Structure formats: C-alpha cells, structure tokens
4 protein chains.
Amino acid sequence: MDDASIQHLTEATREKLRQTVSKIERLEEEKKEVAEQIKEIYAEAKAFGFDTKALRQVIKLRKQDRAEREEAEMVLETYLIALGEA
Amino acid sequence: MDDASIQHLTEATREKLRQTVSKIERLEEEKKEVAEQIKEIYAEAKAFGFDTKALRQVIKLRKQDRAEREEAEMVLETYLIALGEA
Amino acid sequence: MDDASIQHLTEATREKLRQTVSKIERLEEEKKEVAEQIKEIYAEAKAFGFDTKALRQVIKLRKQDRAEREEAEMVLETYLIALGEA
Amino acid sequence: MDDASIQHLTEATREKLRQTVSKIERLEEEKKEVAEQIKEIYAEAKAFGFDTKALRQVIKLRKQDRAEREEAEMVLETYLIALGEA
DNA sequence: GTTGATCTTATTTCTC
DNA sequence: GAGAAATAAGATCAAC
C-alpha cells in the first residue's frame, strides 16, 4: 500500500481488500481439499495392493513426458520464428 | 510401466491401475488450476495497488490464527472429555 | 542452537561456527563466479549471433532428456525390486 | 535442435554451437557441485548441533552488510571523483 | 519503467 | 523424525 497505511484507506478500498483476502482464502481451502483427495487416491491404491512409490514414479514420468513434448514444441516454434517462417 | 512390466497383472488390475493414474492426473490438473487462480487474484490485487507482500503476510497470519484457535478448541474439548463433561 | 543462546557457546564451538560460516561464504562466492561465467558464455553466444532464448531452450530440453532417462531407469529398478528380481 | 532445423548453418557455426552448449553444461554441472558442497556443510553443521535456520540468517545478514559497505564505498568514491579528489 | 523470465531461497511433502 | 524431493515464493535481471 504505497503512500497510505491501512487507516487511511477508503471504505471502498477496505471492502475490496476484504473481498480479495476472502477469495484467496477460499481458493486455498479448495486447493487443500484437492490435495487431500489426491492423498486419498494414493491411500486407496496402497490398500488395493499397488506399490505407491512406483505409482508416484509413473505419474512423474508421464508428467515429464508431457513437459518435454511441450518444451520441444516451443523450441521448434522459436526456430520457426527465428527463420521467419511464422 | 510398459506392457512387459505388467504382463503378469490381470486385466482387471490393469484397468484399476489406469483409472487410478487417470484420477490422480485429473486432480493434479485441478490443483494446478486453483493455484493459477490464486496467482491471478494476487496479480489483480497488485494491479489495483495493493502491496502483495503485505497481503501474503495477512493471509499467513490469519491462517496461523485459525490454526491456533483450532488447537485451543481441541485442547478444550480434550479437557472436557477427560472431565466427563462432553 | 537448541538450548543455548550464543553467549553460552564454548570457544571451541564459536571457532567451529566461524569456520562453518567461512566455508559457506567461500563456496557461495565460488557459485557466484560460476554463475557469472555462464552468463558470459550466453553473452558471447548472443554477440556471435545466436538466439539466446533458443539456446536456453536447447539446454533445458537436454537437461529434461537426461532427467527423464534417469527417472525411467529408477522406475524400472523399482519394478524389478517389486518383482523380486533385484 | 535437430539436424533439420540447423541444416542452413555452416559447419563452423554448428561447431561453435556445440562448443557453447558443451561449455554451459559443464559450468552448470560445476555450479550444481558447489551447491551440493554447500548443502553438505549445512548438513554437517546441523549434525554438530547448530540451528541451520539461524545459520542461514547469519549468512544472509553478513551478505547484506557487505553489500551495504560496498554501496557506501561507491557513494564515497563517486563524491570524491565529483569533487576532483580522486 | 514495468512486465516477463530466470535463478535462488523457503516451505511443504514424501520416504525411509 | 531426519533427510530428500517437490512446490511455492521472493529476488534479480533483462528486454521492450
């Protein structure tokens, strides 16, 4: 807050601030819930007899595959732009 | 996990595995989206003129407060139960 | 420092602390120098006419390749262990 | 950067590119090693009983001090030069 | 001069 | 619970 400490804010700004804090807190709550759901899936998988460590590695590897494909596309695009082809 | 590695699994187990991987990946995608929404809120707040560093501190402090209150409530409840009051 | 504030340290411990700080600072200095050398290489490459962005992407992609190969090996090993083969 | 993308480059340029990539990768490897050495020092310090969080703060503060001293010296020098004293 | 990218630090999460 | 790894946050720096 640049040039004003909190007591100098207008009511409208304070209201905006309240809403912002509220939105962030709600989204963080959502994020936490999703993280818990992921943990549950792993727990179920383990209970079913899957090797959680291996499962996590598979997920990670597939993620890397996706990342690498995307990266390769970006490199290609960069070169095409550099060559005046795009 | 290529076919060679899982050829000893039953088809039912393979299907279960596919579903598990799929569920986790979907949830991780969701988590990522929520994280992006949070970043957007911070970006908007910044554009509006809020000091995001201070904002983050506020969020953090409120989170600690909640944690402390919950902790206090748990202690209280434990005591009440121990006293046969709950 | 667990159970003691700084004034309660023995001289031997203080000396150990001095040496630790010194070692870390020396290594951080080294790290900084290497980082500067990397920047110089990029600057030279740019002066030579290379597209730095593309160059960085290439480096990143090659790094991902290496990471993915290592990860794939780890997955394989995990499965072999799980199968009692290693 | 596959062959198709760089087929318009001269062999000399390709060679230069290879050397550049190689130099950067070697330096990044060096940087990584130094970073690992730093982690080792912190690990040793922790094993010895030091509070690594406090230790990190000390390092940070000393770094700031050095930066401030250098800044002060630069200002001094600037003034001396402006006054024709240096 | 402000966003965008990169690099580093800090916190959290997972594994043993 | 300690160590390692992933994620998030902050700082820094270049580019437009």
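Order of the sequence lines sets the chain letters (A, B, ...), proteins ahead of strands, with each chain counted from 1. On a predicted model such as this, the values are computed, not experimentally measured, just so you know.
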Nearest-angstrom distance from the residue atom CD of A:E71 to C1' of E:dT6: 13 Å
note: C:E29, atom CD; E:dT8, atom P; distance rounded to Å ~ 14 Å
Connected hydrophobic set around B:L80, excluding itself, where side chains approach under 4.5 Å: B:L76
Do any side-chain atoms of residues 45-52 of chain A form donor-acceptor pairs under 3.5 angstrom with protein atoms, and if so which ones, sequence neighbours left out?
from  : atom 1 : to    : atom 2 : distance (Å)
A:D51 : OD1    : A:K53 : N      : 3.0
A:D51 : OD1    : A:A54 : N      : 3.2

Hey, does C:K46 reach any base, or is it just sugar-phosphate, or nothing, if we go heavy atoms under 4.0 Å? sugar-phosphate
Just by distance, no angles: are the side chains of D:Q37 and D:E33 close enough, under 3.5 Å, to form a donor-acceptor pair? no
Starting from the first five and the last five pairs of the helix from E:dG1-F:dC16 to E:dC16-F:dG1, work out the angle between the resulting helix axes, to 10 degrees. 10°
Please report, rounded to the nearest Å, how far the C1' atom of E:dG4 is from the CE atom of A:M74. 12 Å
Neighbour count above 12 (heavy atom, 6.0 Å) for D:E77 CD: no
Using whole Å, report how far CG of D:D51 lies from C1' of E:dA10. 14 Å
Apart from B:Y79 itself, what residues make up its hydrophobic cluster, given side-chain heavy atom links below 4.5 Å? B:V75
Sequence-distant partners of C:K60, salt bridge (charged side-chain N to carboxylate O under 4.0 Å, His left out), two or more places apart: A:E71
Hey, are B:K16 and B:E11 close enough for a salt bridge, meaning a charged N less than 4.0 Å from a carboxylate O? no
If you compare every side-chain N and O of C:K32 against the phosphate oxygens of F:dT12 (OP1, OP2), does one of them come in below 4.0 Å? no
For nucleotides 11-16 of chain E, print each protein N/O atom paired with a nucleotide N/O atom at under 3.5 Å, atom names and distance only.
from   : atom 1 : to    : atom 2 : distance (Å)
E:dT15 : OP1    : A:R56 : NE     : 2.5
E:dT15 : OP2    : A:R56 : NE     : 3.3
E:dC16 : OP1    : A:K53 : NZ     : 2.9

When you check the gap from the basic side-chain N to the acidic O, do B:K31 and B:E28 get nearer than 4.0 Å? no
Under 4.0 Å, heavy atoms only, any strand: does B:K31 hit a base, just the sugar-phosphate, or nothing? nothing
Round to the nearest Å and state the distance from D:E40 atom CD to F:dA4 atom P. 10 Å
